[in-house]
Amino acid sequence: MTNILKLIEERHSSRGRFDLERPVIKQDVRQILEAARWAPTAHNMQNFEILVVDDKKLLEKIGNIRSPLSDEFVRENYQQLSFSEKELRQKKVGLLAKMFPPSWTDPAMLDEVVRESRARSLQETIKDGPMLLIVIRDSRKRAPASERDVLGIMSLGCVMENMWLMAQSLGISFHVVSAFSASAVEEEVRKLLDIPEYMKIDFACRLGYRISAPTKYVRVRRNVEDFAHYNRFGNKQRMLIEQ
Ligand SMILES: Cc1cc2nc3c(=O)[nH]c(=O)nc-3n(C[C@H](O)[C@H](O)[C@H](O)COP(=O)(O)O)c2cc1C
C-alpha cells in the first residue's frame, strides 16, 4: 500500500528537454502500453488507440505544426497563477508564474502574447524528445447514455494515469501535452499520421530521459481535510487521522 502511495506522490510532470540520444527501450514502451491496456474504461469500452511516434522525421514535422495560444488560454492561465512560492503554498492549487515566460504573467502584455503566438510552433511545447505517445479516442463508441461522451473522456484520463505511473516506476520522464487536442493542431496531426476523422486526439505525452537534473519546483496539494466531507457536504469533522 505504502509503495503505491509513494509512486503516486512521486509521479510528476517533466517539462524540460529530453535526451535525443537516449531512446526509450521497446520493452519499457511495451510496459507502458500494458498499463494503458489495463486501465478502467466506462462500460469496458476500451475506447482508445495509442500512436507511438519515434520516427525523427515525423517528430520534426509534428514539431513544425503551428500551435498558437488562444486568448482564452492566456487569460485564464494568468488568472490562475501564483506570483510567489508563499502564495502558491497558501493557495495549495495551481502553478507558479515563474514557470511561464515573463510576458505571460503581465496583464498588460497578454494581447501581444496572443498576437505573437500566431507563429508559434508545437516544437516550443514538445521541445526535444525521442518519443511521443498520441492518445486518441474513438468517437463512435459511447458508454450508454453518457452525455457529451463524458464517461469516454474520463476513461482516457484513467489511461493517462496508468501510463504515467508505469513510466514513473520505470524512471522514464513523462510530460502531458494537451495542445494536441486544439482543433487546428489536431487537424494537422491527423493528416500527418493518417488518423481517421472519427478518432479524436485527446492528448499526447512526451517520453524520455531529462538532459539535466530536474529543476526543483514547489508541488502543492490541498490537504485531505480541504476536500473531504463527512456524510454531509460541509461537515469537516476529521474522519481520518493525518499521517
Ligand atoms: C488532463 C491533463 C492535462 C494536462 N495538460 C498539460 C499540458 O498541456 N502541459 C503541461 O505541461 N502539463 C499538463 N498537465 C500536467 C499538469 O499541469 C500537472 O499534472 C499538474 O500541474 C500537477 O503537477 P505534477 O504533475 O508535477 O504533479 C496536464 C495534466 C492533466 C491531468
Side-chain angles (χ1 to χ4, degrees), residues 4-18 32 35-36 39-41 47-48 50 62-63 65-70 72-82 85 87-89 91-101 104-105 117 120-129 131-137 148-169 171-186 189 200-208 210 213-223 226-227:
I4 293 176
L5 189 56
K6 188 168 180 286
L7 183 68
I8 290 171
E9 276 182 21
E10 286 176 354
R11 178 220 52 79
H12 61 277
S13 300
S14 296
R15 298 189 177 89
R17 291 186 183 284
F18 294 167
I32 291 169
T41 55
N47 56 336
F48 62 92
I50 300 173
I62 292 173
I65 291 172
R66 286 272 153 83
S67 174
L69 300 166
S70 69
E72 189 184 22
F73 174 84
V74 173
R75 276 171 219 294
E76 291 186 3
N77 179 59
Y78 170 75
Q79 283 160 9
Q80 292 171 27
L81 295 177
S82 284
E85 288 189 3
E87 184 187 353
L88 184 65
R89 285 187 205 282
K91 277 192 192 163
K92 295 188 260 184
V93 299
L95 299 173
L96 255 187
K98 75 171 181 200
M99 286 174 62
F100 297 92
W104 294 29
T105 66
S117 82
R120 199 170 189 270
S121 72
L122 208 47
Q123 182 62 24
E124 289 181 47
T125 311
I126 61 176
K127 304 186 183 77
D128 291 329
M131 180 175 282
L132 281 175
L133 301 185
I134 301 178
V135 184
I136 57 183
R137 174 170 40 92
R148 300 182 314 280
D149 196 23
V150 67
L151 298 177
I153 297 169
M154 282 166 65
S155 301
L156 264 72
C158 296
V159 172
M160 178 197 283
E161 180 73 346
N162 269 21
M163 294 199 300
W164 209 335
L165 289 173
M166 179 55 79
Q168 175 70 28
S169 78
I172 295 168
S173 296
F174 196 100
H175 175 200
V176 173
V177 184
S178 311
F180 279 73
S181 65
S183 33
V185 174
E186 180 180 31
V189 176
K200 171 89 188 81
I201 304 182
D202 274 0
F203 63 93
C205 331
R206 294 169 60 225
L207 250 60
R210 280 185 309 263
T215 22
K216 265 193 99 189
Y217 71 101
V218 188
R219 295 180 73 223
V220 292
R221 292 297 192 267
R222 294 175 299 161
N223 300 324
D226 293 330
F227 61 81

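Ligands are counted one by one from 1 in listed order, and the atoms in each one are counted from 1 as well.
- Residue, atom and distance of the protein heavy atom nearest to atom 21 (O) of ligand 1 are Leu95 CD2, 3.4 Å.
- Arg219 places a side-chain N or O within 3.5 Å of a backbone atom of Glu9 that can act as its donor or acceptor partner.
- For Asn47 (side chain) and Gly152 (main-chain N/O), a donor-acceptor pair under 3.5 Å exists by modelled atom type.
- Numbered from 1 in the order shown, with element, the atoms of ligand 1 that lie under 4.0 Å from a heavy atom of His175 read 9 (N), 10 (C), 11 (O).
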What side-chain donor-acceptor pairs closer than 3.5 Å can you find for residues 92-100, not counting sequence neighbours?
{"residue": "Lys92", "atom": "NZ", "partner": "Asp226", "partner atom": "OD2", "Å": "2.7"}

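- When hydrogens are left out, the protein atom nearest atom 11 (O) of ligand 1 is Arg15 NE, 2.5 Å; that is the closest non-hydrogen contact.
- Side chain of Arg11 to main chain of Met166: no donor-acceptor pair is present (N/O by atom type, distance under 3.5 Å, no hydrogens or angles).
- Counting heavy atoms closer than 4.0 Å to ligand 1, residue Arg221 contributes side-chain atoms (C-beta onward) but none from N, CA, C or O.
- When only non-hydrogen protein atoms are considered, atom 2 (C) of ligand 1 lies nearest to Met160 CE, 3.9 Å.
- Residue Trp164 places a heavy atom less than 4.0 Å from ligand 1.
- Phe227 approaches Arg222 most closely through the heavy-atom pair CB-NH1, 3.3 Å.
- Of the protein's non-hydrogen atoms, the one nearest atom 26 (O) of ligand 1 is Tyr217 OH, 2.5 Å.
- Comment: Glu186 engages Lys200 in a salt bridge, judged by a side-chain N to carboxylate O separation of less than 4.0 angstrom.
- Applying the salt bridge (Lys or Arg N to Asp or Glu O under 4.0 Å) criterion to Lys127, with sequence neighbours excluded, gives no partner residue.
- Put simply, no part of Glu161 is less than 4.0 Å from ligand 1, judged by heavy atoms.
- The closest donor-acceptor contact from the side chain of Ser70 to the backbone of Phe73 lies under 3.5 Å.
- Of the possible donor and acceptor atoms, none in the side chain of Asp202 sits under 3.5 Å from a partner among the backbone N and O of Arg137.
- By the criterion of a heavy-atom distance under 4.0 Å, neither the backbone nor the side chain of Phe73 is placed next to ligand 1.
- In this structure, of Val176, Thr125, Val177, the residue bringing a heavy atom nearest to atom 13 (C) of ligand 1 is Val176.
- Atom 27 (O) of ligand 1 has Arg219 NH2, 2.6 Å as its closest protein atom, hydrogens excluded (heavy atom only).
- The heavy atom nearest to atom 4 (C) of ligand 1, considering only Ser178, Cys205, Ala179, Ser181, is found in Ser178.
- Of the protein's non-hydrogen atoms, Ser13 OG, 2.7 Å is the one closest to atom 25 (O) of ligand 1.
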